[in-house]
A.B. asks: 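Below you'll find the structure I mean.
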Amino acid sequence: MYPFSWRFLAWIAALSLAVVFLYWPNSQMGYVLDDHYVIAQNPVIKNPSMYKILSSGLFDSAHRSADSKLNYYRPVLSATFALDYQLWRLNPFAQRVVNLFIHLFNSLLVFALFYILFKNPERAVMGAIFFSILPVHEWSVRYIVGRGDLLMAFFSLSSLVGLLFFIENKTKGWLWVSVGLFILALLSKEAALLNVALVFIVSMYATKDFKRAGKITVCFGIIACAYYLLRIQIFPISTGPVVGLEDLLQGVIQGAVYVLRCLMPWSSMVMMPYGLAIASLWMACCLGLLFCGLIQSKDKREGMAAVSFGILWIIVGVLGFVVTQRIMGRLGPILSEHFLYLESVGFVLLLAMMIEGLNLPVLRRALFGGLALYFIVLSTMSGRYWVSEEALLRHVQKMEGKEFTVAYEQLVMRFDDDEKAVRKLIDHAATSSSQSLWYKRLGGIFRKQGRYTEAIGALSTAAQLNPSSVEAINELAVCYLEKGQTGEGFNLLGQSIAIDPQQSDAYRLSGVVLYRAGDFSSAIRYLKQAWDHDPDESESGLHLMMAYFFINDQASYLEMVDQITDRFSNQRLVLGFSVKEFFAHGYFKETVKVIAQSGNLFATDPSVAILLNAAQRQISSLPKQ
């Protein structure tokens with residue numbers, strides 16, 4: 001009988017409030033790291049179709065200039081981002097709220113898994129609450145692309161709960177539900193391959209029958225093998241195969257060390273003297289309490305079985321580090337903690353068992369409350385930096401204290417115009433595509449400083465090192481355009497479009513060049529392509545809107561006015577651009593008319609007042625008819 005009592009509902013309410021309190025996102029926080037490529041600049045989610053989602057890798061939109069090929073095939077994750085886009089466009093706040101609720105559902109699934117397995121509501125509630133507030137989950141819940149971990153865990157835990165219903169009720173329908181959810185977990189993140197081992201562990205604990213557990217696991221194993229064989233043919237696993245016993249041992253050791261992060265994340269370890277030693281000592285104390293609790297337990301056999309279950313779950317998670325160790329150095333010690341999300345289910349079970357083993361109820365409540373408060377404080381402290389991408393990355397880089405990690409590289413790429421740091425990254429780059437990326441960044445710094453000759457040299461080198469980098473070619477074209485060499489710039493944009501006809505930037509830049517040259521009909525062809533590929537780029541839409549006006553296509557002009565106003569919810573954006581373009585092209589009456597219709601939108605904008613006075617003077621100087 002399931003414990004749907006008022007006390008149970010109170011615990012669930014407390015769990016929900018804790019998750020919302022800890023992870024409610026800052027409304028000003030934008031996209032971070034891979035969010036830009038996977039969401040903001042991803043045409044697949046903006047113009048979605050089932051074929052595009054099923055046939056595209058997660059990072060396909062970034063592969064032209066990427067310094068490594070991340071062949072992540074996660075169509076379920078991409079589908080959720082496409083759904084996000086249809087519901088609230090590019091809204092990082094809403095997307096983080098979605099992550100928050102998936103994490104909440106996962107916490108409830110942890111409760112369901114523990115309760116069905118152990119028939120112990122206190123253990124299940126403690127485990128679920130600990131899972132919901134572990135500070136090591138920061139990058140899985142707050143980072144939008146971290147939804148891959150959340151979805152994999154959601155479908156994995158749901159699959160295991162469905163499997164338990166099958167074992168208890170002997171209804172084959174639940175087995176097929178479990179298998180279907182397992183497939184969805186695989187299509188959310190590749191690490192779900194390890195779920196085959198979890199299926200065996202859960203089946204073995206629930207049935208106490210090795211042979212029956214093996215038979216159940218075979219079905220999942222066949223699906224996992226088929227998935228893996230298809231993956232290595234279509235989207236090969238990016239980190240490559242593990243080579244030799246040394247890699248295996250190193251991955252296992254690294255995974256075992258990372259388990260300490262469940263108790264004390266890296267950012268907390270480095271903030272206190274001897275943090276690693278303290279975390280290790282703390283873990284030893286927890287294991288000691290767990291052992292003492294088992295000795296005093298009334299049902300030692302059940303207690304040992306539950307502890308073994310938790311340890312085996314952690315071991316399965318540790319095996320994942322054998323593969324992920326190849327990218328963890330670059331991710332850095334803080335971002336790499338997201339690999340612990342599903343593995344931490346075993347850890348919270350051991351924590352719950354440790355507290356349960358204490359004889360005195362007062363001690364149990366005190367230890368549970370103390371640990372919960374400790375986790376909440378750490379999670380709250382880490383959440384303080386999620387106010388802007390720059391603030392967050394500077395905090396991460398400071399805590400890691402390392403160069404050549406993702407946080408360090410992103411700071412140099414997006415925020416620091418540091419020529420010396422870029423040259424160091426060029427020297428450190430291991431591949432030509434990686435060098436190309438940093439030569440492009442160097443050219444961008446030179447261009448920003450007006451050093452066009454050096455910028456053209458750096459960007460040309462970037463394009464030579466990686467001929468498919470349309471970003472480098474586009475920025476090289478912009479350099480020529482800003483120098484006044486329109487023909488050379490326009491030709492380069494044509495080359496960029498030939499390399500990747502699905503991009504929006506080259507179409508947008510080409511359209512703007514033709515628009516400024518007064519060739520509005522030709523400009524419309526390019527601007528329409530840019531707007532279709534990326535309807536979140538306002539520059540394309542605004543120029544397309546005015547180009548329609550200047551060729552006297554009033555219907556298309558008014559349609560674009562409505563589209564842009566609705567999409568960006570910003571009438572000031574449309575009217576402000578219209579006023580300046582009307583004036584620049586000699587439409588003085590339209591200039592005055594639009595300003596008059598705008599009401600108080602431009603009451604505090606002196607530039608619009610100047611345009612209004614100039615337009616009125618021009619009108620008054622016209623000969624009267």
A.B. asks: Output yes when a side-chain donor or acceptor of S504 lies under 3.5 Å from a complementary backbone atom of D534, and no otherwise.
C.D. replies: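 Between the backbone of D534 and the side chain of S504 there is no qualifying donor-acceptor contact (under 3.5 Å).
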A.B. asks: When you measure from the side chain of Y23 to the backbone of A18, do you find a donor-acceptor pair of N or O atoms at a distance under 3.5 Å?
C.D. replies: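 No; zero donor-acceptor contacts below 3.5 Å.
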A.B. asks: Only one of L15, L134, L351, V110 passes side chain to side chain contact (heavy atoms under 4.5 Å, CB included) with I129; say which it is.
C.D. replies: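 So the option named by the test is L15.
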A.B. asks: Taking only residues two or more places apart in sequence, or in another chain, which ones meet Y408 in a ring-ring contact (aromatic ring centres under 6.0 Å, His included)?
C.D. replies: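 ring-ring contact (aromatic ring centres under 6.0 Å, His included) check on Y408 returns nothing, list empty.
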A.B. asks: With distance as the sole test, does R330 use its side chain to make a donor-acceptor pair with the main-chain N or O of F404 at under 3.5 Å?
C.D. replies: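 Absent.
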A.B. asks: Got a sec, which residues hit side-chain hydrogen bond (donor to acceptor under 3.5 Å, both in side chains) with W531, two or more places apart in sequence or on another chain?
C.D. replies: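 For W531, the residues satisfying side-chain hydrogen bond (donor to acceptor under 3.5 Å, both in side chains) (neighbours in sequence not counted) are Q563.
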A.B. asks: List for me each residue that meets side-chain hydrogen bond (donor to acceptor under 3.5 Å, both in side chains) alongside N26, sequence neighbours excluded, and say none if there are none.
C.D. replies: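 Partners of N26 by the side-chain hydrogen bond (donor to acceptor under 3.5 Å, both in side chains) criterion come out as none, since no residue qualifies.
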A.B. asks: Kindly indicate, with the supporting measurements, whether the criterion side-chain contact (heavy atoms from CB on, under 4.5 Å) is fulfilled by Q95 and R147.
C.D. replies: CA-CA 9 Å; Q95 290 165 324; R147 190 180 298 177; 3.8 Å; yes
A.B. asks: Which pairs with one or both residues in residues 97-110 pass salt bridge (Lys or Arg N to Asp or Glu O under 4.0 Å), sequence neighbours excluded?
C.D. replies: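 Matches after skipping sequence neighbours: none remain.
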A.B. asks: Using the test salt bridge (Lys or Arg N to Asp or Glu O under 4.0 Å), find all partners of D562 that sit at least two apart in sequence or belong to another chain.
C.D. replies: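 Applying salt bridge (Lys or Arg N to Asp or Glu O under 4.0 Å) to D562 gives none.
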A.B. asks: For Y31 and L90: C-alpha separation, side-chain torsions, deciding distance, then whether side-chain contact (heavy atoms from CB on, under 4.5 Å) applies.
C.D. replies: CA-CA 9 Å; Y31 291 120; L90 297 180; 3.6 Å; yes
A.B. asks: How far does NZ of K46 sit from CD of Q41, to the nearest 0.5 angstrom?
C.D. replies: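 Rounded to the nearest 0.5 Å, the NZ-CD separation comes to 7.5 Å.
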A.B. asks: Please collect all salt bridge (Lys or Arg N to Asp or Glu O under 4.0 Å) contacts where either partner lies in residues 369-389, sequence neighbours excluded, each pair once.
C.D. replies: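 Qualifying pairs: E389-R414.
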A.B. asks: So Y258 and F321, would you call those rings parallel, tilted or perpendicular, with 30° and 60° as cut-offs?
C.D. replies: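 Answer is tilted, since the angle falls between 30° and 60°.
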A.B. asks: Determine the minimum heavy-atom distance between F130 and F368, stating which atoms define it.
C.D. replies: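 Heavy atoms only, the tightest pair is CZ-CD1, 3.5 Å.
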A.B. asks: Tell me if the CD atom of E482 is crowded by more than 12 foreign heavy atoms within 6.0 Å.
C.D. replies: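 Yes, enclosed.
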A.B. asks: When rounded to the nearest 0.5 angstrom, what is the spacing between CG in L83 and CG in L87?
C.D. replies: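 The CG atom of L87 is 4.5 Å from CG of L83, to the nearest 0.5 Å.
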A.B. asks: Among residues at least two apart in sequence or on other chains, which ones pass side-chain hydrogen bond (donor to acceptor under 3.5 Å, both in side chains) with H543?
C.D. replies: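 With neighbours one apart ignored, the set is empty.
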A.B. asks: Could you tell me which residues satisfy salt bridge (Lys or Arg N to Asp or Glu O under 4.0 Å) with D532, sequence neighbours excluded, listed by chain and number?
C.D. replies: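 For D532, the residues satisfying salt bridge (Lys or Arg N to Asp or Glu O under 4.0 Å) (neighbours in sequence not counted) are K528.
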A.B. asks: Have a look at Y85 and tell me which of N91, N42, D536 forms a side chain to side chain donor-acceptor pair (under 3.5 Å) with it.
C.D. replies: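 Among N91, N42, D536, the one meeting side chain to side chain donor-acceptor pair (under 3.5 Å) with Y85 is D536.
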A.B. asks: Which residues pass the salt bridge (Lys or Arg N to Asp or Glu O under 4.0 Å) test with E419, not counting sequence neighbours?
C.D. replies: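 Checked E419 against salt bridge (Lys or Arg N to Asp or Glu O under 4.0 Å); matches are R423, R451.
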A.B. asks: Please identify each residue that fulfils side-chain hydrogen bond (donor to acceptor under 3.5 Å, both in side chains) with E539, with sequence neighbours left out.
C.D. replies: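 With neighbours one apart ignored, the set is R508.
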A.B. asks: Once salt bridge (Lys or Arg N to Asp or Glu O under 4.0 Å) is applied, do any residues pair with E403, and if so which ones, sequence neighbours excluded?
C.D. replies: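 Scan of E403 (salt bridge (Lys or Arg N to Asp or Glu O under 4.0 Å), adjacent residues dropped) gives K424.
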A.B. asks: Per the side chain to side chain donor-acceptor pair (under 3.5 Å) rule, what does the pair list look like for residues 335-349, sequence neighbours excluded?
C.D. replies: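 Residue pairs with at least one partner in residues 335-349: H103-Y341, N106-Y341, H137-S344, R261-E337.
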A.B. asks: Start with the C-alpha distance between W24 and W386, add both sets of side-chain angles, then the distance that settles ring-ring contact (aromatic ring centres under 6.0 Å, His included), and finish with yes or no.
C.D. replies: CA-CA 11 Å; W24 191 257; W386 287 79; over 10 Å; no
A.B. asks: Decide ring-ring contact (aromatic ring centres under 6.0 Å, His included) for F111 and F131; before the verdict, give the C-alpha distance in whole Å, the side-chain angles of both, and the deciding distance to 0.1 Å.
C.D. replies: CA-CA 9 Å; F111 168 83; F131 181 83; over 10 Å; no
A.B. asks: Quick check for you: to the nearest 0.5 Å, what is the distance between E138 atom CD and Y385 atom OH?
C.D. replies: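 That separation rounds to 10.5 Å.
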A.B. asks: Might you point out which heavy atoms bring S188 and L77 nearest each other, and give the distance in Å?
C.D. replies: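 Looking at all heavy atoms of both residues, the closest pair is O-CB, 4.3 Å.
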A.B. asks: If you apply the rule side-chain contact (heavy atoms from CB on, under 4.5 Å), what do you find for L342 with N195, and how did you get there?
C.D. replies: CA-CA 10 Å; L342 186 58; N195 285 9; 4.0 Å; yes
A.B. asks: Return the minimal non-hydrogen interatomic distance between L378 and L263, and the atom names on each side.
C.D. replies: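 Scanning both residues, the minimum pair turns out to be CD1-O, 4.5 Å.
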A.B. asks: Do N99 side-chain atoms and V141 backbone N/O form a donor-acceptor pair below 3.5 Å?
C.D. replies: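 Checking the backbone N and O of V141 against the side chain of N99, a donor-acceptor pair under 3.5 Å is found.
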A.B. asks: Report the distance from atom CD1 of I144 to atom CZ of F81, rounding to the nearest 0.5 Å.
C.D. replies: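 Answer for the CD1-CZ pair, I144 versus F81, is 7.0 Å.
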A.B. asks: Tell me, with the steps shown, if L187 and R74 meet side-chain contact (heavy atoms from CB on, under 4.5 Å).
C.D. replies: CA-CA 5 Å; L187 297 178; R74 301 174 183 177; over 6 Å; no
